[in-house]
There are 2 protein chains.
Amino acid sequence: MKDRTQPDTRERLLRAGEQLFRTQGYAGTGLKQLTQTADAPWGSLYHFFPEGKAQLGAEVLHYAGQLYGAGWQGVFKRYPHPGEAIEKVFLAEITTLTRSDYRDGCPITSVTMDVASTSEMLRAACAAAFDGWLAQIETGLRAAGAPEDAAKALAGFVLSALEGAIVLSRAAKDPAALLQSAKFVRQIIDREAAAWASKTSD
Amino acid sequence: MKDRTQPDTRERLLRAGEQLFRTQGYAGTGLKQLTQTADAPWGSLYHFFPEGKAQLGAEVLHYAGQLYGAGWQGVFKRYPHPGEAIEKVFLAEITTLTRSDYRDGCPITSVTMDVASTSEMLRAACAAAFDGWLAQIETGLRAAGAPEDAAKALAGFVLSALEGAIVLSRAAKDPAALLQSAKFVRQIIDREAAAWASKTSD
DNA sequence: GTCTATAATACGATAGAC
DNA sequence: GTCTATCGTATTATAGAC
């Protein structure tokens, strides 16, 4: 869409990066393993990402940010009631985890843990990905009537609970943390939403 | 306390492991860097941990699990009201993060992201550490009158929100996620606690 | 754009003197 | 128990043919 040189190989490298970062983080992923997973020639890696692993990492973070951001947008469109929409995301994550034998976590969280304190550039890319998701959640909540401040605070809480529950579920190989968190997060949102509804336009 | 050979060096290695895992995960931490940080001789590493990095990693996870577990126990003892106790933990984490320029996250989360899907032994050690914390939170909630099922579900939710908020705060270098999550988590606990109090002994 | 070969370095782990 | 030297191997990155 932007370069017209060899979109296939480049896209496969990004996809493989996203997949491998999800399961073993940034530091734990070798470039050789990455090209093999992507079915891409070794030479192509430095053709598309001449600055090496860090550049590839940053672009994978951007790619994943956009991809999952579209998912947030879609779920709010499908389920206008925000409590239902967000609960669906938690439940969908359970499906993703169980289907992958608890391999497919969140690529942004994984990379954050590895590099937040060793590469300012990659840390900023992680923050940007999270910020994009937070903005989508905020938009979804505002569409349901949430005031600006409440929407921002709730979004941070929702994403925190989701990311943490994914971590605990992966460690335990058990969806309990996601189920438990989904229940309480939904409780909070439904209660807040009722408050927004009672305060109609002034 | 258990071996009486060279407790100092061994303890320093565990402490250095905990510190480095917090900031750069398991895969991102080299054993050379670890011995330097611990001010320990290279030879000592394989003297105390003959099975190498994996054994050291597992023992660091156990060490950190016990250490932070005692912290949970202590905060519930100091603050009998569970909403207050748990809010204190969130706020203390903000202090830890800001004081370390957002380096000192959670060692269990970091290692989980790196190895949950590549080493069954280390994944189990991560799960055991989290389970210990969950048990402490559960105990604190039960002491405040929570029924068994409610305590278990709430504990999973609380720890999920905390771990996720640490991740987001580290990525953003901003305590907002921890503050936002603390507020809603406390709301949930206080509301539940009121329900336990109204249902007195039957 | 692709591919092979390889450079340069860092890694985990071992051996053997002390 | 400590320390140095070192072995393989894996890592990221480059060079140059095609």
Side-chain angles (χ1 to χ4, degrees), chain A residues 1-17 20-21 23-61 110-111 114-115 117-122 125, chain B residues 1-21 23-61 110-111 114-115 117-122 125:
Chain A
M1 198 64 98
K2 47 173 72 164
D3 216 18
R4 254 316 141 239
T5 45
Q6 198 78 348
D8 261 39
T9 302
R10 187 187 150 86
E11 174 96 11
R12 282 206 310 280
L13 286 168
L14 291 176
R15 257 201 265 267
L20 291 171
F21 290 173
T23 71
Q24 50 189 19
Y26 178 83
T29 299
L31 295 181
K32 232 142 212 167
Q33 183 188 16
L34 202 149
T35 54
Q36 283 166 8
T37 303
D39 249 314
W42 174 252
S44 299
L45 208 166
Y46 284 90
H47 172 71
F48 292 111
F49 308 98
E51 292 165 56
K53 192 182 187 182
Q55 184 193 358
L56 169 77
E59 300 206 25
V60 166
L61 290 168
S110 298
V111 177
D114 278 357
V115 304
S117 304
T118 56
S119 162
E120 174 57 23
M121 171 203 168
L122 288 173
Chain B
M1 199 63 97
K2 46 172 75 163
D3 216 16
R4 255 313 143 243
T5 44
Q6 197 78 348
D8 262 37
T9 303
R10 188 188 149 87
E11 174 95 11
R12 283 207 310 278
L13 286 167
L14 291 175
R15 258 201 263 268
E18 185 232 334
Q19 195 61 37
L20 291 170
F21 290 172
T23 70
Q24 50 189 16
Y26 178 83
T29 299
L31 294 182
K32 245 161 201 145
Q33 182 187 15
L34 201 150
T35 53
Q36 283 166 9
T37 303
D39 248 314
W42 173 253
S44 299
L45 209 165
Y46 283 90
H47 172 71
F48 291 111
F49 308 98
E51 290 166 57
K53 191 181 188 181
Q55 184 193 357
L56 170 79
E59 299 205 25
V60 166
L61 291 167
S110 298
V111 178
D114 278 356
V115 304
S117 305
T118 56
S119 161
E120 174 56 23
M121 171 203 168
L122 288 173

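Numbered from 1 within each chain, the chains take letters A, B, ... in sequence-line order.
One atom, CZ of B:F48, and another, C1' of C:dG12, lie 19 Å apart when rounded to the nearest Å. Per the geometry, CG belonging to B:L45 stands 12 Å off P belonging to C:dT14, to the nearest Å. Across the protein-nucleic acid pair, B:E11 atom CD and D:dG1 atom P stand 16 Å apart, rounded to whole Å. In this structure, NE2 of A:H47 is placed 16 Å from C1' of D:dA15, rounded to the nearest angstrom. Atom CD in B:Q55 sits about 12 Å away from atom P in C:dT14, given to the nearest Å.
Here A:G52 lies in heavy-atom contact (under 4.0 Å) with sugar-phosphate atoms only.
Between C:dT14, D:dT12, C:dC3, one nucleotide has an atom nearer to the side chain of A:P41 than all others, and that is C:dC3.
Residues from residues 24-40 of chain B that place a heavy atom under 4.0 Å from any atom of DNA chain C, listed by number: B:T29, B:G30, B:L31.
Residues B:R12 and B:T9 meet the side-chain proximity criterion, which asks for heavy atoms closer than 4.5 Å. Using a 4.5 Å heavy-atom threshold, the side chains of A:L14 and A:F48 count as separate. Within the 4.5 Å cutoff, no side-chain heavy atoms of B:L20 are placed close to those of B:V60. No side-chain heavy atom of A:S117 sits less than 4.5 Å from a side-chain heavy atom of B:Q24.
Within the 4.0 Å cut-off from OP1 or OP2 of D:dG1, not a single side-chain nitrogen or oxygen of B:T9 is found. In this structure, A:S44 does not reach the C:dC3 phosphate: none of its side-chain N or O atoms is under 4.0 Å from OP1 or OP2.
Side chain of A:D114 to main chain of A:Y26: a donor-acceptor pair is present (N/O by atom type, distance under 3.5 Å, no hydrogens or angles).
The nearest pair of heavy atoms linking A:A54 to A:L122 is O-CD2, 3.6 Å.
Contact of B:W42 with C:dT14 (side chain to base): a donor-acceptor pair of N or O atoms is detected under 3.5 Å.
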